[in-house]
Structures are given as C-alpha cells and as structure tokens.
S.K.: 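Structure provided below as structure tokens; questions to follow.
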Protein chains: 2
Amino acid sequence: MLSKKIILRDDEIPTQWYNIVPDIPNGLQPPLDPETKEPMGPEKLAVVFPMSLLEQEMSGERYIDIPEEIREIYSIWRPTPLVRADKLEKALNTKAKIYYKYEGASPVGSHKPNSAIAQAYYNKKEGVKRLATETGAGQWGSALSFATNKFGLECKVYMVRISFDQKPYRKAMMHTYGAEIIASPSSETAFGRSVLEKDPDTPGSLGIAISEALEDAAGREDTKYALGSVLNHVIHHQTVVGLEAKKQMEIVGDYPDIVIGCCGGGSNFAGIAAPYIADYLAGKKVRFVGVEPASCPTLTKGVYTYDFGDVAQLTPLLSMYTLGHDFIPPGIHAGGLRYHAMSPIVSALVREKIIEPISVRQLECFEAGVLFARTEGIIPAPESNHAIRAAIIEATKDKNEPKTILFNLSGHGLLDLGAYEQFFSGNLKNYDYPAEAVAEATKNLPKI
Amino acid sequence: MLSKKIILRDDEIPTQWYNIVPDIPNGLQPPLDPETKEPMGPEKLAVVFPMSLLEQEMSGERYIDIPEEIREIYSIWRPTPLVRADKLEKALNTKAKIYYKYEGASPVGSHKPNSAIAQAYYNKKEGVKRLATETGAGQWGSALSFATNKFGLECKVYMVRISFDQKPYRKAMMHTYGAEIIASPSSETAFGRSVLEKDPDTPGSLGIAISEALEDAAGREDTKYALGSVLNHVIHHQTVVGLEAKKQMEIVGDYPDIVIGCCGGGSNFAGIAAPYIADYLAGKKVRFVGVEPASCPTLTKGVYTYDFGDVAQLTPLLSMYTLGHDFIPPGIHAGGLRYHAMSPIVSALVREKIIEPISVRQLECFEAGVLFARTEGIIPAPESNHAIRAAIIEATKDKNEPKTILFNLSGHGLLDLGAYEQFFSGNLKNYDYPAEAVAEATKNLPKI
C-alpha cells in the first residue's frame, strides 16, 4: 500500500489549541510596563489588541476552544499532510526515519495563517474594522491579508522597504487579497518620518515596521494591531500543527525522538513542538531542536533578559533571549528569521534546557533545501531550509542508529526562487556571528 | 461535520489511465507523414519518442496500467483534493453547486507533472539519458525538470525568449531541479539560428521552441523529446484527474451537470472530462465546456484540418482545430493557452459536438481569478482563470436552477503574481479576435 503522506479528514482538525504556558517549569516572566517596570495588565494593551486575544495571551488554561468559524476556514488547507521523507532518507543513506509536517500547503504558502485567521476572527467579533501589521519577507503580511479578506476587515501592511523593493510578488499577493501595502519606514507615521529624516535611504527593519504598525493602531479608533509571532496567543494558535502531527504519527504507529523547527520569533517551532513538550514533561523521552541562522543567533549568542519587541520601544518589556532591539541582522534570505529576539515561551523553554538551540549558516541551508527539492520534490522556503539542515545533521550523525525525526516544513519557497537563483550563481555568502554588533546592541539591556 | 475538501488516500491513486480514443464516435484521424501524406506508423516517430509512449499514442485499449513507480511519485501530491467552492457560490448568490479539482497542489503548481512523470519514467526505462523539451509560460518545463530529476535524466528546456526574460522564478525553479534552460530561439540549433538571422530581437514562440527541441532530440543518440500537451498519450496520463474526481464526487453523492476546463493544447481539460465523457457516451446527461482565450480562439474560430504542431514543420500532420502553425497569438498572460492548435482528441470531440467550446477575454478572466482568491483563498493561474470564468457564467445564467458544476483548477498563480499586479494597475487589456492574422495563417492549410 502506498503511504507517502498521512492525511486527516477535515473534521479531524483540532477543536482546541494547546496553551503550554501553565506547563512551563518555573513559569513565564510577565510582560513589564516600560514606565513602571511593574507587570502589565491587559488594560493598557487593549488599545492595540482585542480583549479576547489578550485573555488568551494571559491565560492559564491548558486548552482553548477553536471556534467553528475558524476551523471552517482552516479547512481550506488543513489538516496539512504529514509526509515521510523516504527519498531524502535514501539520499542520506541513513537509518533514521524522517517525517515532515507540510505547512506550505496553505494558500499563502506558510504556517502563518494558523494565527492570522484566528486574530482576524477575534478582532472582527469585537467590532474592529481595520488591522495594521508589519511584514519582513512578506509571509505574515500575506497571511494577514488573506485572513482579513476572509472576515471583511481592512488591512494595512508596513513592509520592510528592502523586501518591498525586492519582492514584488509578495506585494501582488497582498493586493490580490485586497490589502494596502506601504514601504517602511513610511512618511505616514511620526516614527517612520523620524527614521527617514535621519536616513532617507534606510532599507528598513522589522523592528521599525512593528513600531509604525503599532503607532498606526494606537492612533485610530477603528484599528487594532496584529503580530505574526513572538506573543503567547500566536504560539497557542500554531499548536494546531503539532496536535495534527501527533494524530498522524499515531496513525503510522511512530513517535519522534527529535522534533525540529526553525526559529525566527518562534511560532512555527513552538507550534509543532509544544504538544510533544507536554509529553516530555510527563516523562516521555524526546529532544527538541530549535534552529536559528548563525547571522542572527538570538538563542545561541543572545542574552536572556527583558527587552522591547520593536525599535521605537512601543511594546511592553518581554522576557526573551535577545540580541538587543537595535540589532539589525545581516541581509540573509531567510527574512522570517531576521528578528532580534525570541518569543517568551521559546525563550523560557531554552532557559529550562528543554529546547536545544543550534545555529546554522546560510549556504549550508540552501544546499539542504536543494537536496530536499531534488529528493522530496518540494522547494522549501529559505527559513524552512534551516529545519531541513538540522534534520540532516541529526540523521547523519550516526547513520546506523535508528531514530525518528519530525520537523516542521513551515513553508514553500516558490516566492523565494530569486534567492535560489542567487545561490546557484554563487552570489550568496555566509555571515559570521556579528559579535560586535550584538555587543553594542545588548550593552544597555537590563539584567534579570 | 466539516467537509470543504474531499480527500482520498495515497492508495486510492488510480491504477490505470483511461484512453478515450477507442470511444470517440467516428474515431480519430491518424497522424500523416508530411512527405507522403500517408498515415504515419510509430517507426519514424521512434527517433524522438520511446516505443512505450508511441504504443500508448497509437493504442486502442481503453485502459493502460499505471506502473507502481509512477504511482509512488504521484503520491508526493496525489490524490489532489476535490473542493466545494461554497464561498464562491455564496458570493455569486447562486443555487448551483461548484466543485473544483485542485491540480495546483503539485510541487510545481500545475497538472503538468501527471504526464511529465510518466514520460520521464518510460524514457528512463528504454535507456534514454536526456530529454529535450520546450516551455512557454514555464509550467511544462518546470514539470519535466521535476520529473527528469526524479529519474536521474538530464533535461534541456528551450524556453520562449519573452518568458525567459519575464519569468526569472520559473528559470530558478527549473535550475533547482537541475535542468538546463536556454532562451528560444537559440543559436544551438540550425532552426534557432535561422530564426535569429531573420529577426534577432524576436520574442520567440512555442512553435519555434518545439522545433528547436525536436531538432535537438533528433540530432542526439542519447536524447528524446517530450511534449506537455496535444498528443494522445499526454491526455491519457492526465485522466488521473478525472478518475480521482469521479471517486471523490461519488463520496459526496454528487454528479456534475457540467464539466469545465481551460484549453491550450487540451490536456488538463481532457484529463478531467474524458472519464465523464465515457459516461456521457453510455447515456448519462452531462455537458462539457472547453474554455479558450478570445485572443487565441482555436476551437471557436479555427479550422478543423491537418496541420503541423510546430513552426518548422518537423511534426507529423495532426488532425486538429488550428489557427495555422504560423499564427502568433497576442501576448496574453495565460501563456499556457497561447498555442495555435488543439489536441486531436479534444478536436474530434468538438467535431462530434460532445465538447462545447467557448472563448473568454483576458480582463474578465483576471476578475474571475481575483474573486476566486477572495472567496476560496487560492490565487489561480491565469490559465485556470478561464475555467473559473466559465464556471461563473454557468452558475449565474439561471441562479435559481440547481445544478452541479465541476471544473479543473489546473494550477495556482504564485509564479504569475506579476500578471495580477499588472491587472490591478490597469495595464492589462483585452485583445479582439485577430481575424486577419488567423486568415493569413490558415489560408494555405489543406482541407479534410
């Protein structure tokens, strides 16, 4: 019998998200008000987030019901396939079994709509008319455009200028879903204007774009803000990935020894890992490997402390591994991994030594992606290549040791083919660990 | 219970392709040798095609077994989902039920690998080392690159120059799968050089690129030729689409009143329609609508006669609806539909009035595609927009008449987002039926 893919029926889409927060050993440090340095309640954040998402953000409940309206939209592409990478295994000549969960199956090509749909839903329900957000490589902006369109909300995307100029297809995708896109820094916000005044030719950064979107949302009665990673509620939403994967692995009678994902803000990795971490905490033997780019080594070279999520210091202080909110990572093509910090949830799990962070370099990641395309057929997103690279490292460490590897193939690379072309023509390079830039950006951070 | 998609298991991939040729009323006229004007046997074609594909081309058997190796590779993306377009139905305020078969689920984003995998398999089996082919918009070239990579064959793609220049992502995709790509006309073939000599700045055409690939294959012992549509064996391979769709429609207890597909060479439409045409010939009531662009109106304005498949007149004479092998269609963005002729199978079914051809215009197709993206979530290929447009016409003709529509969503548009951006900025236009160009290109064709 053919069984390359393990597919679930639409009605097997999970009915609850898993909230790992109450299960984290030694807990999660609360967000702090930057002015008072006291724990921040939901009231102040209610300017930019709807109450139901803030409740999820602060929730101590292990499970959160997924509304039927959300499951119905999920069913456009969920449940996603779990696939046995048998051709990759063969090419590696390994006894390891490799499975991947294919989140590139969504209409926008990544895992991002898992949270975008939920965020659009709750905003709509609370009467919000318009969402403002930022996007780097364009994955999140595309996902939120798709999601707001589904619920009849307006959407304004502040897109990091360098991506805005280099990724016209991403812009076109957001336009197709009816969103409005502007290059960031823009002249539409006070913060954007202040950045442009100092440096009119700046390529922009995710931290700047977040500041602009927050300013937009805070300044308009009809508008809230949406973030595509980092926050607790985003990670809860992404657990549909791991919950489905567990069901699918059960169907083939297998269980992972190692769960792997790439880490930018942390949501795709935590999404697949969290339900397995619950098992680990109950005594099951599993390893968790979070993979970041060597050029933006938040978990492997950053400090664990309180920092801002954006450049303009508009967010609360979050307890995170961080390279400093002023750190601008080198221009690698895995734009989704170019973020200075890591979600509090993933950071706390690294602190507890439950997640093992590793960093890998750009060229090896593209090599891994090409090998994956030539064996498994799917061309992966540059971000997902980091997970593939780590899966290959684990599978070839000791080729004769039978083990089961599961990783999150968080997206396809069809809108990143320009980066592959640059790789083939030898125009991509590795970046060394930017030690001095990190030292500079972290020197004034508080210690915890 | 949620049931947006109807999914089959990997082991439900069809085990046989359906060959409609023996069922066509009044039969199919045989290919003719251009020199003798006599029916052409397989021997002369064996220079460019492997014998097993020629046997399928000439076969009178209703069913052809699908080798397990092919089913195994199909299982990377097949069975593809059948999806109820309930959100589109609602937007149209129609009582019609609309289903689509989603062939964009393949790694290259279209139905083309259904035949590419089969062609690479049979060539490999007969000891061929290298395949030469042409590609217009890039869908077929991508599919054959993917397929040859799977079987360890070399692949040379002659890509119509205007697409080569305008679609760098397509090139990158083919490179990722390890293929060699050259802009056509090229200086690597005698025919290419002769075209370049007359017009060094020519944008190229599919007919020219076919001539170059044929010359390449005929001139090298280790090389055969592969064509992505038109021929009988290609259409047999594509019937997996319709065979799966029938199973899936049975699962929901529905049966189409109308089956719709876009028509370039005819393979995606015949692929979904053929298994239903078998039912029609057995007395079932179904309509079949083949949709072509108004700017390349092969079935609606062409003549039914013997013509060449390429510009250099290297192919046999095929009995087809044609606009003349010298006809160069206007530069619409549905590059896969810019072909001067139509497969003999589809042509004969139009001749028999089993298939109803209609033509639709570019702007209305993009409008339909945007509506589809904003309701169903998936951004369709410009070619597939033609099928969507026709589905909308049928669904809104008489909104209160309950009927069931099934169409082939032959591909996604993620590598065509540039065309969508042009549509939004008002830079796309409709083209009138190019009556004079057609008259000129058809004036010397033989009559049958």
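Being a predicted model, the structure only gives us computed values, none of them experimental. Letters go in sequence order (proteins before strands), and every chain restarts at 1.
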S.K.: Which atoms form the tightest heavy-atom contact between A:N149 and B:R374, and what is the distance?
M.R.: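 Where A:N149 meets B:R374 most closely, the heavy atoms are OD1-O, 3.0 Å.
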S.K.: Quick check for you: to the nearest 0.5 Å, what is the distance between B:S75 atom OG and A:D86 atom CG?
M.R.: 7.5 Å
S.K.: Between B:P81, B:P107, B:G377, which residue shows the highest count of heavy-atom pairs closer than 4.5 Å to chain A?
M.R.: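 The answer is B:G377.
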S.K.: Which bit of B:L414 is near chain A, if near means a heavy-atom gap under 4.5 Å: side chain, backbone, both or neither?
M.R.: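 Contact with chain A: backbone and side chain both.
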S.K.: Please state whether the side chain, the backbone, both or neither of A:Y177 comes within less than 4.5 Å of a heavy atom of chain B.
M.R.: both
S.K.: What pair of heavy atoms forms the shortest contact from A:M173 to B:I379, and how long is it?
M.R.: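 Answer, listing the atom of A:M173 first, then B:I379: CG-CD1, 3.7 Å.
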S.K.: Where on B:E376 is there a heavy atom nearer than 4.5 Å to chain A: the side chain, the backbone, both, or neither?
M.R.: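 Just the backbone, heavy atoms under 4.5 Å.
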S.K.: Once rounded to the nearest 0.5 Å, what's the spacing between atom CD of A:E421 and atom CE of B:M174?
M.R.: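 The CE atom of B:M174 is 10.0 Å from CD of A:E421, to the nearest 0.5 Å.
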S.K.: Quick check for you: to the nearest 0.5 Å, what is the distance between B:I7 atom CD1 and A:L8 atom CG?
M.R.: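 Reported value, rounded in 0.5 Å steps: 10.0 Å.
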S.K.: By a 4.5 Å heavy-atom criterion (distance strictly below it), what part of A:R78 contacts chain B: side chain, backbone, both, or neither?
M.R.: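 Contact with chain B involves the backbone of A:R78 alone.
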S.K.: Going by the angle between their ring planes, with limits at 30° and 60°, are B:H175 and A:F424 parallel, tilted or perpendicular?
M.R.: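 Because their plane-to-plane angle is over 60°, the rings of B:H175 and A:F424 count as perpendicular.
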S.K.: Answer yes or no: is there an ion pair linking B:K4 with A:D10, defined by an N-O contact shorter than 4.0 Å?
M.R.: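 Looking at B:K4 and A:D10, the cut-off is not met.
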S.K.: Could you have a look at A:T375, A:T176, A:V108, A:V83 and say which one has the most heavy-atom pairs with chain B under 4.5 angstrom?
M.R.: A:T176
S.K.: Tell me whether A:K87 is salt-bridged to B:E72, with the criterion being a basic N under 4.0 Å from an acidic carboxylate O.
M.R.: yes
S.K.: Heavy-atom distances under 4.5 Å only: say whether A:F146 touches chain B with side chain, backbone, both or neither.
M.R.: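 Interface part for A:F146: side chain.
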